[in-house]
There are 2 protein chains.
Amino acid sequence: MSLIPIRSGSPPGGETERSDAARNRELLLRAARELIEERGADGLTMDRLAERAGVGKGTVFRRFGSRAGLMMTLLSDSEAAFQGRFMFGPPPLGPGAPPLDRLGAFGAERIAYVMEFGELARAADASAHNRFDVPAAVLWHRHIEMLLRTAGVTADPWLMAMSLSSTLDPERLLHAVRVHHVTPERLAESWRELVTRVVSCPGGAAGPPERA
Amino acid sequence: MSLIPIRSGSPPGGETERSDAARNRELLLRAARELIEERGADGLTMDRLAERAGVGKGTVFRRFGSRAGLMMTLLSDSEAAFQGRFMFGPPPLGPGAPPLDRLGAFGAERIAYVMEFGELARAADASAHNRFDVPAAVLWHRHIEMLLRTAGVTADPWLMAMSLSSTLDPERLLHAVRVHHVTPERLAESWRELVTRVVSCPGGAAGPPERA
DNA sequence: CTGCTAAACGGACTACGGTCCGAATGTTAT
DNA sequence: ATAACATTCGGACCGTAGTCCGTTTAGCAG
């Protein structure tokens, strides 16, 4: 059930882990959760984290690579659960339901996820030039693309999936909710509207469908 | 033809400008363009800029507020031109053409714009928690929303416009082109496909259309 | 020309993410 | 137990965006 590791702090990955490394990893994760609880995700700095955990700053970066990596590690449990649900869970999110229903459910779940872990998700994205190439993002993209193809969308499903993914970007969703007071329900409804139109419509402007 | 100022370095805005301020503004803009020419947008740091222009760092931030503000100022000419074209220019981008055609043209133009000024546009967005509230972004959003309404889209045009805007996000577009080697033409084609489906389709899942 | 004042200046300072490398430590073979 | 070695540790160090405040100066009145 582990699936694609979002950003392994290398717990039991690959080879064995030295005992001090394991101890520090636990120390760091615990300190990170404490700090986030106390001051929010934005209040977590790598210096503070190192100090709180009682380790050197280098150790923090050795473990997690970057601040975004740390955030991903903190999210990995819930992220893995989410992945499990949309890949192997019960319909309509999981397999068994029509693709359109699965797409709708996917967006709704993702929106709920962002509402719950939004700060972390945003911090995990932040400043990475490769935020679209992170394993989890690639997986979502492929999932959406697969559903589009299954639903019979033939017009560049890869780019269409990119467009749909962009709609679910944490930063944008949070902005809509926090600044413009859009309810998550309204977001989900709009998402369903969007995917319905994308899936159920024959492309009008389609010239030569295949190019490269 | 000045339209909404993207991020005024306060050239002749409001009151008069002291002569040394005007001189330094010119110095800074010139130095900024030089540096970008030499080392790219990412190679422009505020320290280097200050040094190159021969002014203090404080002066740079006094003028432009932030790095993103500086980038917006650098873009303001071409941005204003773009705005002029889609608001008052000839069809199909400007008024006179059917909304769907205008939407398609809008995306295509925007994509071309990002291909040309992408680095700057990305830098202008970067790290602003309010990047969606910047005047230019608000204007694009309103424009798309207006076109959707004109085209008869009744299902939450505000959010639908947000989704469509997100597709045109510079960071995403550049990523697709640079990492995945998607051609701008393919991006434009996919955009047309998307807006066609959004506009031409009756909503399927629509329950009660109005809520809040 | 002189003096006054509000505005602009400038660069030291802070906070932060990230890097580096000599020192310390656990693991394993003997 | 000991020695050898790879791994990890730790914190000084760097580059960057952004702030602060004492100093300078443009513009103007007399």
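So you know, we letter chains A, B, ... as the sequences are listed, proteins then strands, and number each from 1.
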- Can you tell me how far C1' of dG10(D) sits from CZ of Arg63(A), to the nearest Å? 14 Å
- Message: What is the separation between atom CG on Leu70(B) and atom C1' on dT16(D), rounded to the nearest whole Å?
- Response: 15 Å
Contact list (N/O, under 3.5 angstrom) for nucleotides 18-23 of chain D vs protein:
residue	atom	partner	partner atom	Å
dG18(D)	OP2	Arg67(B)	N	2.9
dG18(D)	N7	Lys57(B)	NZ	3.1
dG18(D)	O6	Lys57(B)	NZ	2.5

Donor-acceptor contacts, no H, no angles, side chain residues 34-43 of chain B, under 3.5 Å, sequence neighbours left out:
residue	atom	partner	partner atom	Å
Glu34(B)	OE1	Arg52(B)	NH1	2.7
Glu38(B)	OE1	Arg52(B)	NH2	2.9
Glu38(B)	OE2	Arg52(B)	NH1	3.2
Glu38(B)	OE2	Arg52(B)	NH2	3.4

- At a 4.0 Å cut-off to heavy atoms of chain B, the contacted part of DNA chain C spans dA6(C) to dG11(C)
The criterion is salt bridge (charged side-chain N to carboxylate O under 4.0 Å, His left out); which residues satisfy it with [X], sequence neighbours excluded?
X: Asp133(A); answer: none
X: Asp125(A); answer: none
X: Glu116(A); answer: none

- Between Ser19(B) and Arg48(B), which is nearer to the 5' end of DNA chain D once each is assigned its nearest nucleotide? Arg48(B)
- Task: Could you check Asp20(B) against Thr59(A) and say which one's nearest nucleotide on DNA chain D is further toward the 5' end?
- Result: Thr59(A)
List for me each residue that meets side chain to side chain donor-acceptor pair (under 3.5 Å) alongside [X], sequence neighbours excluded, and say none if there are none.
X: Arg149(B); value: Glu145(B)
X: Arg131(B); value: Asp169(B)
X: Ser190(A); value: none

- Message: Check Glu17(B) with Arg63(B), please: is the shortest side-chain N to carboxylate O separation under 4.0 Å?
- Response: yes
